[in-house]
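Notes follow the structure.
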Amino acid sequence: MRLDYLSIFPAYFDVLDISLVGKAAINGLVEIHAHDLRDWTHDRHRTVDDTPCGGGAGMVMKPDPWGEAFDEIIGTESDPSVHVIFPAPSGTPFTQSAAAELSSAQRIVFCCGRYEGIDHRVIDYARSMWTVHEVSLGDYVLNGGEVAALAITEAVVRLVPGFMGNPESLAEESFSAGQDGLLEYPLFTRPVSWRGLDVPEVLMSGHHGRIASWRRDESVRLTRERRPDLTDSDSSGIH
Ligand SMILES: Nc1cc(-c2cccs2)n[nH]1
């Protein structure tokens with residue numbers, strides 16, 4: 001999998017060299033390329049923004065640098081196997097199933113907007129050429145798409161076959177199909193008693209049936225308490 005990042009702050013992605021994703025890059029599972037959008041400007045000030053047509057506060061990212069960067073980084077041929085991701089507060093909520101789908105992509109290009117956003121024609125052009133995803137991480141506003149791109153990268157790359165040492169652990173995580181789309185149950189390890197707090201007895205019983213039942217009940221309880229929106233989804237197994 002090749003991952004490209006277009007940003008006016010490409011140094012944000014240096015962290016990928018030290019994190020888990022860096023490990024994947026080393027063993028050849030993932031190839032990472034960060035690019036400075038200003039490299040595709042031609043004026044002395046390397047300008048990437050301008051005032052919004054129709055008025056309004058703030059600045060909008062000009063389309064020209066994006067188009068020239070696309071030409072060089074992706075090419076000028078249409079290819080639906082290339083996934084272009086625009087993080088944005090107005091995007092579709094990013095989910096574990098979206099991460100799972102993207103984990104089989106051969107190419108993902110992250111377009112990290114700043115200011116008030118990117119000229120919409122950039123997204124329209126990208127849609128005419130590649131598979132575009134406008135995604136939101138949640139109902140809050142970041143200063144730019146870089147942090148969102150890092151979060152999406154981690155969620156996707158950890159699902160790439162061969163990345164996780166023990167793929168079985170993926171099956172029991174929150175939102176995973178193996179967890180019926182429910183939140184993960186509480187986890188415990190030794191010591192059995194810690195600062196007056198004990199591991200639930202059932203988990204020390206060695207009775208696998210009871211342990212499975214306790215874990216399921218806890219997942220249902222937590223999901224109903226914290227994420228009632230998940231309890232009606234088809235994958236949740238609870239209604
Ligand atoms: N979920 C989300 C995305 C964003 C931004 C993406 C690009 C600039 S701000 N804020 N919040």
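In this chain, numbering begins with 1 at the start of the sequence shown. Counting convention: from 1, in listed order, for ligands and their atoms alike.
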Before you tell me yes or no, could you show the steps for Asp198 and Met204 under side chain to side chain contact (heavy atoms under 4.5 Å, CB included), namely the whole-Å CA-CA distance, both residues' side-chain angles and the distance that decides it to 0.1 Å? CA-CA 10 Å; Asp198 297 346; Met204 307 309 291; over 6 Å; no
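- Between Phe70 and Trp130, the ring center distance clears the sub-6.0 Å criterion.
- For Glu134 and Arg127, the salt-bridge test passes: some basic side-chain N is under 4.0 Å from an acidic carboxylate O.
- Ligand 1 places these atoms under 4.0 Å from at least one heavy atom of Val141: 10 (N), 11 (N).
- In terms of polar-atom proximity, defined here as any N/O pair under 3.5 Å, Gly145 makes no such contact with ligand 1.
- The environment of NE2 in His120 is crowded: more than 12 heavy-atom neighbours from other residues, nucleotides or ligands sit within 6.0 Å.
- When Ile118, Val147, Leu142, Leu137 are ranked by how near their heavy atoms come to atom 10 (N) of ligand 1, first place goes to Leu142.
- Scanning all protein heavy atoms for the shortest distance to atom 4 (C) of ligand 1 gives Pro89 CD, 3.6 Å.
- Taking every non-hydrogen atom of Ser136 and a distance limit under 4.0 Å, the qualifying atoms of ligand 1 come out as 1 (N).
- Close contacts between ligand 1 and Tyr140 involve ligand atoms 1 (N), 2 (C), 10 (N), 11 (N) [criterion: under 4.0 Å to a heavy atom].
- Listed by number with element, the atoms of ligand 1 under 4.0 angstrom from any heavy atom of Pro87 are 6 (C), 7 (C).
- Salt-bridge annotation for Glu218 and Arg221: present, with a side-chain N of the basic residue lying under 4.0 Å from a carboxylate O of the acidic one.
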Side chain to side chain contact (heavy atoms under 4.5 Å, CB included), that's the test. Do Met129 and Val84 meet it? Break it down for me. CA-CA 10 Å; Met129 298 285 281; Val84 181; over 6 Å; no
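- Leu203 and Val220 fall into different hydrophobic clusters, defined by Ile, Leu, Val, Met, Phe, Trp and Tyr side-chain heavy atoms under 4.5 Å apart, directly or through other members.
- Near Gly138, the atoms of ligand 1 lying under 4.0 angstrom from a non-hydrogen atom of the residue are 1 (N).
- Counting heavy atoms closer than 4.0 Å to ligand 1, residue Ala148 contributes nothing at all.
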